[in-house]
Amino acid sequence: LNWLKKNPKDAGAWFDLVYLYQTNLKKYNEAENAYLKAIEFNKRDCVAWNNLGNVYQLNLKDYEKAKIAYLKSIEIDKSYSYPWNNLGNLYQDYLKEYEKAETAYLNSIELVNNDFNAWNGLSNLYQNHLQRYDKAETAYLKSIEINPNNLHQWNSLGNLYLDHLQEYKKAENAFLN
């Protein structure tokens with residue numbers, strides 16, 4: 001903290017402090033304040049806005065502030081895929097706005113086609129909320145293509161085949177992978 005007192009505009013030091021608060025000390029309000037301080041010195045830092053959204057979503061459970069932070073990150077840099085994926089998770093898991101979640105995931109995928117997390121979120125959305133099982137299959141297969149060792153995806157694909165598509169041989173193959 002002495003360094004920050006002498007160099008209060010050092011955004012990197014604020015990020016280090018955020019990491020300490022968020023990851024090690026679990027002091028989420030302090031992490032929020034440190035991100036806000038870093039943003040004060042660089043209002044166009046899309047990474048800081050995205051990470052602030054994560055603190056709001058995952059730690060402080062303030063979903064409206066999370067949405068605002070993700071949208072601000074996207075406004076600053078439309079080519080940065082992480083806030084799109086995080087916004088998709090927020091819409092799907094917390095706000096229950098499934099069509100908006102789909103749009104967010106697809107925007108993330110458009111920017112980074114091999115983004116496992118976006119394909120994973122999209123596959124879950126299609127299967128569990130939108131009942132678009134053919135699209136869920138496509139999304140699962142793409143996520144498995146990206147990360148073939150992810151056993152959870154293979155299991156989810158097997159359950160999709162078993163429970164919704166009644167393709168039992170494909171289910172067996174997925175479960176055996």
Please tell me if the side chains of [X] and [Y] come closer than 4.5 Å, counting only heavy atoms from C-beta onward.
X: Lys142; Y: Asn113; answer: yes
X: Tyr35; Y: Gln22; answer: yes
X: Phe175; Y: Asn159; answer: yes

Taking all non-hydrogen atoms of both residues into account, name the closest pair between [X] and [Y] and its distance.
X: Ser123; Y: Gln153; answer: OG-NE2, 3.7 Å
X: Lys67; Y: Tyr91; answer: CD-OH, 3.6 Å
X: Asn177; Y: Leu151; answer: O-CD2, 4.1 Å
X: Ala118; Y: Tyr105; answer: O-CD2, 3.9 Å
X: Tyr161; Y: Glu137; answer: OH-OE2, 2.7 Å

What's the verdict on salt bridge (Lys or Arg N to Asp or Glu O under 4.0 Å) for Glu99 and Arg132, showing C-alpha distance, side-chain angles and the deciding distance?
-> CA-CA 12 Å; Glu99 299 299 329; Arg132 296 181 194 159; 3.2 Å; yes
Nearest 0.5 Å, what's the CG-OH distance between Asn51 and Tyr56?
->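 Result: 12.5 Å between the selected atoms.
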Applying the 4.5 Å side-chain criterion to the ILVMFWY set and letting contacts propagate, would [X] and [Y] be lumped into a single cluster?
X: Leu87; Y: Tyr63; result: yes
X: Ile39; Y: Ile76; result: yes
X: Leu130; Y: Trp119; result: yes

Counting distance only, does the side-chain N/O of Asn147 pair as donor-acceptor with the main-chain N or O of Ser143 below 3.5 Å?
->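 Checking the backbone N and O of Ser143 against the side chain of Asn147, no donor-acceptor pair under 3.5 Å is found.
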Check: Asn33 main-chain N/O paired with Trp14 side-chain donor or acceptor under 3.5 Å |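 Pair absent, no side-chain N/O of Trp14 close to backbone of Asn33.
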Distance only, no hydrogens: is a donor on one side chain within 3.5 Å (strictly under) of an acceptor on the other, for Asn54 and Tyr70?
->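 Yes, side-chain donor-acceptor contact under 3.5 Å.
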Verify whether one side chain among Gln92 and Asn124 offers a donor that lies under 3.5 Å from an acceptor in the other.
->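 Side chains of Gln92 and Asn124: no pair found under 3.5 Å.
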